[in-house]
Amino acid sequence: MEITFITGNQGKYEIAKDIFKQYKIKLNREKIYTPEIQSLDVEEVAKFSAKYACKKLNKAVMVSDVGYYIKSLNDFPGAFIKFINKTLTPNDILRLMKNKTDRKMIIKECLALALPEEEPIIFSSELITTISTKASGKGSSIDQVMILDGYDNVKGLLSKEEVHSFFSKNLSVYHDIGKHLEGKN
């Protein structure tokens, strides 16, 4: 089977491509504009975008949307992580966390699979991370303050290989789609 991943994120594409090899799924990548509806629900956003891309390209597509939910900030920023990364510095995020003892953050990765003539199917998984007490490293604002489970340093200090390995092992959502599609072959 062949699927087109609608993403501009090379890292996500590489992770998905590596995982899908074991399910004998050929993964292509295209970066096209898809309207992003204003919703707090990452599943709703991914589903809408997948349906749009599938109709536009008339082929099987997969779209990802991710939310970052900081428990002590009432699940802020949620689905608005792109906006936060563009407008807040790492130190702005740390100021929001001042005096917070619960520094847990959930990453919700949602993938919508859309096949022509079918309604999109949603797959999602969650990862637990922690907000550090100081910013360091490279990458987005959140990368400079987020500690992945099992690591002592923020994501922004990890090598590309470490990040790839972490997400390949821990994002069950790609395996869920692989198993689902394996059953369709």
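Since we're looking at a predicted model, the values are computed, not measured.
Defined by atom type and a distance below 3.5 Å, a donor-acceptor pair is present between the side-chain atoms of E109 and S64. For the 3.5 Å distance criterion, the side chains of E43 and S124 qualify, holding a donor opposite an acceptor.
Residue C54 holds its SG atom at 13.5 Å from CE of M62, rounded to the nearest 0.5 Å. Between the CG atom of N85 and the OG1 atom of T87 there is a distance of 8.5 Å, given to the nearest 0.5 Å. In this structure, OG in S140 is found 12.5 Å from NZ in K82, a value given to the nearest 0.5 Å. We find the CZ-CG distance between F166 and L171 to be 7.5 Å, quoted to the nearest 0.5 Å.
Although no hydrogens or angles enter the test, the distance criterion places no donor-acceptor pair under 3.5 Å between the side chain of E14 and the main chain of G11. The backbone N or O of V145 sits less than 3.5 Å from a side-chain atom of S132, completing a donor-acceptor pair. Looking at R103, its side chain never comes within 3.5 Å of a backbone N or O of T130 through a donor-acceptor pair.
Inter-residue side-chain proximity for V63 and V45 is flagged as unmet; no heavy-atom pair is nearer than 4.5 Å. Here the side chains of T34 and I6 are in contact, with some heavy-atom distance below 4.5 Å. Side-chain contact between L73 and L96 is present, with heavy atoms from C-beta onward closer than 4.5 Å.
Contact record, D102 with M97: O-CE, 3.8 Å, taken as the closest heavy-atom pair. The two residues D75 and Y69 make their nearest non-hydrogen contact at O-CD2, 3.4 Å. Residues L94 and T133 come closest through the heavy atom pair CD1-O, 3.9 Å. Smallest separation of non-hydrogen atoms from P77 and Y68: CD-O, 3.1 Å. Considering all non-hydrogen atoms of both residues, I25 and G178 come closest at CD1-CA, 3.8 Å. Contact between I81 and V66 at its shortest, heavy atoms only, is CG2-O, 3.7 Å.
Side-chain heavy atoms closer than 4.5 Å link hydrophobic residues (I, L, V, M, F, W, Y) into clusters, and following such links, even through other members, never connects I3 to L57. Hydrophobic clustering, with ILVMFWY side chains joined whenever heavy atoms are under 4.5 angstrom apart, keeps V42 apart from F76. Two different hydrophobic clusters hold V61 and V173 under the rule that ILVMFWY side chains link at heavy-atom gaps under 4.5 Å. Cluster annotation: Y23 is connected to I121 through the hydrophobic network of ILVMFWY side chains, with a link wherever side-chain heavy atoms come within less than 4.5 Å. Follow the hydrophobic side-chain contacts under 4.5 Å out from I128 and you never reach L148; the two are in separate clusters.
For NZ of K71, the number of neighbouring non-hydrogen atoms (other residues, nucleotides, ligands) closer than 6.0 Å is greater than 12.
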Atom pairs and distances, side-chain donor-acceptor, residues 15-22, under 3.5 Å, sequence neighbours left out:
residue	atom	partner	partner atom	Å
D18	OD2	H164	NE2	2.7
Q22	NE2	I19	O	3.4

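Taking the charged nitrogens against the carboxylate oxygens, E119 and K51 do have a contact shorter than 4.0 Å, which makes a salt bridge. Salt bridge annotation for K24-E2: absent, with no cationic side-chain nitrogen under 4.0 angstrom from a carboxylate oxygen.
In this pair, F5 and Y174 present their aromatic rings perpendicular. The plane angle is above 60°, beyond the 30 to 60° band.
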